[in-house]
Amino acid sequence: MKIAKLLGASALLAATSTAFAGTLNVSSAEDWGSGHSSYPASNTIDGSTDWSSRWAASGSPVHLQLNLNSIQRVTQVGVAWGRGDERSYEFEIWARAATSGSWTKVYDDVSSGSTEGIEVYDITDIDAQQVRVKTFSNTAGTSWTDILEVELYDENGTGELAINTAFDDGSGHGSYPATNVIDDNTAWASRWAGNGSPVNLTVELNETSPVSQVGVAWGQGDSRSHTFEIYARPGTSGSWTKVFDDVSSGTTNDIEVYDVTDIEAQQIRIKTFDNTAGSSWTNITEVKVYGDGTTPIPKDPDLDPNKAPSENFDLSRWYLSVPTDEDNSGTADSIKEDELNAGYESSEYFYTATDGGMVFKCPVDGYKTSTNTSYTRTELREMLRAGDTSIDTKGVNGNNWVFSSAPSSAQNSAGGVDGKLKATLAVNYVTTTGNSSQVGRVIVGQIHAANDEPIRLYYRKLPNNSKGSIYFAHEPGNGNSEQWYEMIGSRSDSASNPSDGISLNEKFSYEIDVTGNTLTVKIMRDGKPTVTETVDMSNSGYDDSDDWMYFKAGVYNQNNSGNSNDYVQATFYALENTHN
């Protein structure tokens with residue numbers, strides 16, 4: 001069992017709980033008669049983590065049940081415990097595949113007692129329609145269980161997005177309105193019928209979300225094929241982008257899922273032209289919209305600008321490098337896990353912003369982490385040992401992780417297998433002085449191996465440009481040439497202003513994921529398509545028994561030629577690192 005620990009208080013892209021890919025749409029919540037009438041179970045699915053909007057139940061055990069519209073894959077459950085920052089709850093999670101029959105226990109644990117934000121529990125994967133949180137006691141000794149919010153996830157990306165409404169272009173039959181396609185009923189009597197060629201059916205999500213698949217159940221779809229196109233746009237007005245066109249299979253009445261071009265969208269339009277039956281009518285019984293395959297970082301309470309970074313973020317599995325030398329070692333200081341989590345702050349390099357974000361700032365001039373390093377950094381280094389100094393920082397051991405393509409002996413010795421790093425941040429400032437090959441560069445995320453780097457993720461904005469680029473380097477561990485991948489804009493020293501670039505102080509999210517020898521990198525922005533790049537690392541040499549990995553996040557200044565007081569700065573609003 002594991003908790004996918006949250007390091008941050010913002011969602012990956014701020015939105016309501018059901019708007020994210022991977023977040024399942026919970027239709028209702030109920031309890032077993034033990035709840036307080038003023039604090040009903042439905043409060044746990046209202047998108048609010050306020051104390052006044054909690055579920056409260058007295059007794060031991062008590063049961064909170066979440067109901068989905070249909071049987072869906074559930075891989076994680078998120079719970080925001082009432083007063084969860086001052087008490088721990090003993091609990092179990094159960095699930096069943098239908099609305100009756102036997103239950104299966106998929107998780108049991110004790111909550112952290114360190115946050116009122118949503119804690120995500122990695123349950124035994126199960127196909128379920130009902131999920132139950134069963135609580136027994138808490139460390140405060142009270143008979144009451146308080147839960148602020150519960151969310152269900154499918155980390156493999158089949159998470160269905162919540163559709164708010166559906167409408168057509170006026171072509172519909174009065175007895176078969178567009179809203180029939182979102183009633184979870186694929187019966188012929190519950191269809192939308194539109195007459196003409198073309199006709200347009202539009203579904204609207206609660207808000208702009210990453211979309212990667214659209215499902216359509218065609219009326220009489222087992223006896224006719226429909227020619228159609230799918231369009232999307234990020235809001236409720238403006239231009240449309242075509243993301244798919246095809247002909248339906250003609251073999252099924254069930255939902256056919258189409259893999260559309262990934263896009264950030266609020267409205268999805270299905271435009272149909274004709275069908276093989278020669279009828280002027282288009283019939284659709286149901287439409288589904290699915291996310292882009294990422295697991296969300298769920299909501300947390302607002303970041304508190306009056307708290308140290310470790311009070312807003314769980315930094316228990318990280319240490320921090322800062323460009324000072326307080327211990328007179330000749331190299332940069334390392335703020336180890338225990339000190340970092342005891343409220344460490346530096347007014348110059350690492351502190352809480354006025355909006356509660358975690359600020360990393362690093363000048364051109366300063367101490368470096370080793371004699372082999374050319375640049376300064378203010379950067380977190382992943383430490384899976386979480387302060388247990390009996391475990392060495394280096395090696396294939398409990399402090400580091402390996403790829404699942406490594407030998408089983410290495411996987412058994414490591415602290416984790418494969419990994420995913422997700423962050424939301426804004427780059428606030430980059431260097432404007434120095435050599436043209438270095439100006440404006442900063443690394444904001446990495447995977448570091450024993451000697452090399454499977455990925456270094458760069459943000460770069462040139463002085464004359466208003467927007468920055470995103471690109472990354474993949475450095476094989478076997479001496480092969482370094483590989484570069486441009487995701488947004490160009491890494492060129494003379495790049496023109498990227499039209500789709502990222503401005504300073506603009507929030508964006510990244511995801512770095514390794515599964516076996518596959519490296520996947522995603523860049524996500526509100527209202528824009530997700531940008532994805534995949535690297536096959538089969539020939540990179542990281543699958544041997546001696547190599548080991550750790551994540552890094554923060555700012556790694558890539559300019560040592562500028563003015564000594566020139567600097568880079570970024571503010572992080574969410575950060576999550578998970579491993580198998």
Side-chain angles (χ1 to χ4, degrees), residues 18-19 25 27 69-70 158 160-291 529:
T18 56
N25 185 23
S27 61
N69 286 329
S70 59
T158 57
E160 180 185 334
L161 305 182
I163 298 175
N164 180 51
T165 190
F167 52 91
D168 59 33
D169 55 1
S171 61
H173 190 291
S175 299
Y176 305 106
T179 52
N180 281 355
V181 304
I182 58 172
D183 64 357
D184 285 316
N185 187 347
T186 56
W188 175 252
S190 180
R191 70 189 185 275
W192 168 71
N195 189 28
S197 178
V199 292
N200 295 283
L201 171 69
T202 301
V203 295
E204 184 176 307
L205 304 176
N206 286 343
E207 56 190 299
T208 303
S209 309
V211 173
S212 64
Q213 294 178 319
V214 174
V216 181
W218 299 96
Q220 297 180 336
D222 58 348
S223 59
R224 62 184 63 175
S225 298
H226 294 79
T227 301
F228 69 99
E229 299 172 343
I230 300 178
Y231 290 78
R233 62 182 177 184
T236 58
S237 62
S239 60
W240 293 86
T241 299
K242 186 167 77 168
V243 293
F244 194 83
D245 62 81
D246 205 352
V247 178
S248 65
S249 71
T251 61
T252 180
N253 288 323
D254 295 330
I255 291 176
E256 294 185 351
V257 179
Y258 305 110
D259 191 9
V260 305
T261 301
D262 291 357
I263 192 170
E264 298 273 346
Q266 185 171 7
Q267 288 186 338
I268 307 294
R269 174 165 289 172
I270 300 166
K271 185 174 185 177
T272 62
F273 296 91
D274 53 31
N275 58 70
T276 54
S279 171
S280 63
W281 287 94
T282 293
N283 297 287
I284 294 177
T285 60
E286 200 71 17
V287 174
K288 301 288 185 181
V289 181
Y290 306 97

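- With contacts defined as side-chain heavy-atom distances shorter than 4.5 Å, the pair Thr165/Val203 does not qualify.
- Inter-residue side-chain proximity for Tyr290 and Val214 is flagged as unmet; no heavy-atom pair is nearer than 4.5 Å.
- Across all non-hydrogen atoms, the minimal contact from Val287 to Ile163 is O-CD1, 3.7 Å.
- Of the candidates Asn180, Asn283, Asn185, Arg191 forms a side chain to side chain donor-acceptor pair (under 3.5 Å) with just one, namely Asn283.
- Distance CH2/Trp281 to CG/Asn195: 4.5 Å, rounded to 0.5 Å.
- Without hydrogens or angle criteria, Asn275 side chain to Ser279 main chain gives a donor-acceptor distance under 3.5 Å.
- Identified under the salt bridge (charged side-chain N to carboxylate O under 4.0 Å, His left out) test for residues 210-227, with sequence neighbours left out: none.
- Residues Ile284 and Ile270 have side chains in contact (heavy-atom distance under 4.5 Å, counting atoms from C-beta outward).
- Nearest heavy atom pair, residue Val199 against residue Gly194, reads CG1-C, 4.2 Å.
- Of all the heavy atoms in Asp262 and Pro529, the pair that sits closest is O-CB, 3.4 Å.
- Side-chain contact between Thr236 and Glu204 is present, with heavy atoms from C-beta onward closer than 4.5 Å.
- Taking Thr179 as the reference, Pro177 meet the side chain to side chain contact (heavy atoms under 4.5 Å, CB included) condition, with sequence neighbours excluded.
- Counting all heavy atoms, side chain and backbone alike, Gly170 lies closest to Asp168 at N-OD1, 2.9 Å.
- Remark: Ser223 pairs with Gln220 by the side chain to side chain contact (heavy atoms under 4.5 Å, CB included) rule, at least two apart or across chains.
- You'll find the side chain of Val260 stays beyond 4.5 Å of the side chain of Tyr231, heavy atoms only.
- Using a 3.5 Å distance cut-off with no hydrogens or angles, the side chains of Thr285 and Thr186 do not pair a donor with an acceptor.
- For the pair Pro198 and Asp169, the tightest heavy-atom approach, listed with the atom from each and the gap, is O-OD2, 4.4 Å.
- Atom-to-atom distance recorded for Arg269:CZ and Asn200:CG is 4.5 Å, nearest 0.5 angstrom.
- Between Glu229 and Phe273 there is a side-chain heavy-atom pair separated by less than 4.5 Å.
- Applying the side chain to side chain contact (heavy atoms under 4.5 Å, CB included) criterion to Asp259, with sequence neighbours excluded, gives Gln213.
- The side chain to side chain contact (heavy atoms under 4.5 Å, CB included) test applied to Ser248 returns Trp218, Ser225, His226, Phe228, Glu256, Tyr258, not counting sequence neighbours.
- The minimum heavy-atom distance between Asn253 and Ala217, with the atom names listed, is O-CB, 3.6 Å.
- Residue pairs satisfying the salt bridge (charged side-chain N to carboxylate O under 4.0 Å, His left out) criterion with at least one member in residues 244-253, sequence neighbours excluded, are listed as follows: Lys242-Asp245.
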